[in-house]
Q: 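Can you read through this structure? Questions will come right after.
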Amino acid sequence: MKPAASNVHAFDRKLLARMTGALGDDRVIGRLALDLGQVFGEFLPDMCRAETGLDITIGYAGFRTGLRNELVAGLGAGVLVSDASLRNWCADFQIGCDSPIIITLVEALLGAEPAGIEEPQPRPLSHIEIDVAVPLFEKIADVLRTAVNAPGGFEPIVERPLNSTARPKPDPMIEDVHAGAIDMTIGFGPVLSTFSVIVPQSVLLKTTIVFPKGSGQQRKAKTEWTEQLEEQVRRSAVTIEARIKLESLTLETISRLQPGDVIPFHDTQDVRVDVNANGRDLYVCEFGRSGSKYTVRVKDTHGSEQDILRHIMS
């Protein structure tokens, strides 16, 4: 017997999303993105300059629409991404920022002149560089909070950013949502990068953009935020290693060494010890002992304090 033809058809998901307010017209999303971009462009430079003394430029770079996971993946490699939320507005949005601007800001905080900074290549960022990026992501979220209609005056929650390559893969069992990405340029010195805010369209379509007061506040000199960033850089834990040169041995002798055998130091007087971090030599030391512990005493350095910091960071 021939089976009866089914009259049940799958409902068009895009049509359903439009009907339920989860997908809007690109022109509507574009206007919202432009308004939000103008708030970022007017407020974020003043905020960064007031807090850091650095002349950071911000500009609107357009918008993109699509499924959220695709928009996040489209940020590419060498990008930091943070998951964020703002109560009474959006429970889950993303902030992404290209790595070159973060690397450049670290250089500037370590004393480099903007004109002398060369544009770095995008790459995964180190733990210390991510420490420096955290306040920038928080400032972006703070500006966003002032621009959207989120009643209650709650502070945004910004999770620690991750390199895009280190982010967990999306759960295939959770349906993706339509979103909009607001793209902004962020520049310092010769370096021009991009940061993006990715928000579900269901949230954007209910959002009213408000231009906050005080965008023309008087600019201050370098203040607490810069000091906090610089202190964070200096307090970040770094693993260091000490190398002592031993007497040269033949390959035959090395192959026959057994537990308990002794290899003498190369130096006959003060034993030279080279101390390094991240493969970069930092100090020349001498070998010693304090009580039951072996120690090294610094005799010379490989450059100034700023040189050493840059060596460790790179």
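The first residue of the sequence shown is numbered 1, and numbering continues consecutively from there.
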Q: In this structure, are over 12 heavy atoms from other groups packed under 6.0 Å from I244 atom CD1?
A: yes

Q: Give the cluster check for V203 versus F154: same hydrophobic cluster or not, with ILVMFWY residues linked at side-chain heavy-atom distances below 4.5 Å.
A: no

Q: Taking all heavy atoms of G66 and all of Q201, pick out the closest pair and write down the distance.
A: N-NE2, 4.5 Å

Q: Within a strict 4.5 Å, meaning less than it, do heavy atoms of the D25 and R31 side chains meet?
A: no

Q: Going only through I, L, V, M, F, W and Y residues with side-chain contacts under 4.5 Å, is there a path from V79 to L136?
A: no

Q: NZ of K245 to CZ of R272: how many Å apart, nearest 0.5 Å?
A: 9.5 Å

Q: Could you walk me through whether E118 and V191 pass side chain to side chain contact (heavy atoms under 4.5 Å, CB included), step by step?
A: CA-CA 8 Å; E118 295 184 1; V191 178; over 6 Å; no

Q: Distance from K139 atom NZ to L44 atom CG, nearest 0.5 Å?
A: 9.5 Å

Q: Take V298 and E286 through the side chain to side chain contact (heavy atoms under 4.5 Å, CB included) test and state the conclusion after the steps.
A: CA-CA 7 Å; V298 177; E286 60 183 5; over 6 Å; no

Q: Counting only N and O atoms by type, is there a donor-acceptor contact under 3.5 Å from the side chain of D274 to the main-chain atoms of V284?
A: no

Q: For E247, I'd like to know if atom CD has over 12 heavy atoms of other residues, nucleotides or ligands within 6.0 Å.
A: yes

Q: Counting only N and O atoms by type, is there a donor-acceptor contact under 3.5 Å from the side chain of T65 to the main-chain atoms of G180?
A: no

Q: Measuring only between side-chain heavy atoms, which start at C-beta, is F63 closer than 4.5 Å to L34?
A: no

Q: Once side-chain hydrogen bond (donor to acceptor under 3.5 Å, both in side chains) is applied, what residue pairs with a partner in residues 72-86 remain, sequence neighbours excluded?
A: D83-Q94, D83-R167

Q: Check whether any side-chain N or O of E129 sits under 3.5 Å from a backbone N or O of S126 as a donor-acceptor pair, and report yes or no.
A: yes

Q: Could you tell me whether the side chain of I29 reaches within less than 4.5 Å of the side chain of L205, counting heavy atoms only?
A: yes

Q: Step by step, would you call I95 with V81 a side chain to side chain contact (heavy atoms under 4.5 Å, CB included)?
A: CA-CA 6 Å; I95 301 172; V81 182; over 6 Å; no

Q: Shared ILVMFWY cluster between L162 and I157, side chains joined below 4.5 angstrom?
A: no

Q: Do P200 and R68 come within less than 4.5 Å of each other through their side chains, counting heavy atoms only?
A: yes

Q: Output yes when a side-chain donor or acceptor of D171 lies under 3.5 Å from a complementary backbone atom of M173, and no otherwise.
A: yes

Q: Heavy-atom count around E119 CD within 6.0 Å, excluding the residue itself: above 12?
A: yes

Q: Using a 4.5 Å cut-off on heavy atoms from C-beta on, say whether the side chain of I186 contacts that of T57.
A: no

Q: State whether the number of non-hydrogen atoms from other residues, nucleotides or ligands found under 6.0 Å of R64 atom CZ is greater than 12.
A: yes

Q: If only atom types and distance count, is the side chain of N163 paired as donor or acceptor with the main-chain N or O of L80 below 3.5 Å?
A: no

Q: side-chain hydrogen bond (donor to acceptor under 3.5 Å, both in side chains): which pairs involve residues 190-199, sequence neighbours left out?
A: D183-S196

Q: Any ion pair linking R256 and D261 (charged N to carboxylate O, less than 4.0 Å)?
A: no

Q: Taking the side chain as every heavy atom from C-beta outward, state whether Y283 and V296 have any atom pair closer than 4.5 Å.
A: no

Q: Got a second to check how far D98's CG is from L75's CG, nearest 0.5 Å?
A: 8.0 Å

Q: So, for F93 and I198, which heavy atoms are closest and what is the spacing to 0.1 Å?
A: CB-O, 3.2 Å

Q: Does M184 share a hydrophobic cluster with V72, counting links as ILVMFWY side-chain heavy atoms below 4.5 Å and allowing steps through other members?
A: no

Q: List the atom of G187, the atom of I101, and the distance in Å for their closest heavy-atom pair.
A: C-CD1, 4.1 Å

Q: For a quick check under 3.5 Å, do E107 and T104 share a side-chain donor-acceptor pair by atom type?
A: no

Q: Are Y60 and V199 joined in one hydrophobic group, where the rule is that I, L, V, M, F, W and Y side chains link up if heavy atoms are under 4.5 Å apart?
A: yes

Q: In Å and rounded to the nearest 0.5 Å, what is the CZ to CD distance from R145 to E138?
A: 12.0 Å

Q: Would you name the heavy atoms of L125 and S99 that are closest together and state the gap between them?
A: CD2-CB, 3.6 Å

Q: What's the shortest heavy-atom distance between R160 and V134, and which atoms?
A: NH1-CG2, 4.0 Å

Q: Locate the shortest heavy-atom distance separating I58 from G41; write the atom from each residue and the value.
A: CG2-CA, 4.0 Å

Q: Quick check: does any side chain N or O of S164 sit under 3.5 Å from a backbone N or O of G76, one acting as donor and the other as acceptor?
A: yes

Q: Checking F40 now: which residues fulfil ring-ring contact (aromatic ring centres under 6.0 Å, His included) with it, not counting sequence neighbours?
A: F195

Q: L32 and side chain to side chain contact (heavy atoms under 4.5 Å, CB included): which single residue from V148, I209, I182 fits?
A: I209

Q: Would you say the side chain of D142 lies within less than 4.5 Å of the side chain of P156, judging by non-hydrogen atoms?
A: yes

Q: To the nearest 0.5 Å, what is the distance between CG (L110) and CG (L105)?
A: 11.0 Å

Q: Which value, rounded to the nearest 0.5 Å, describes the distance between F43 atom CZ and T146 atom OG1?
A: 5.5 Å

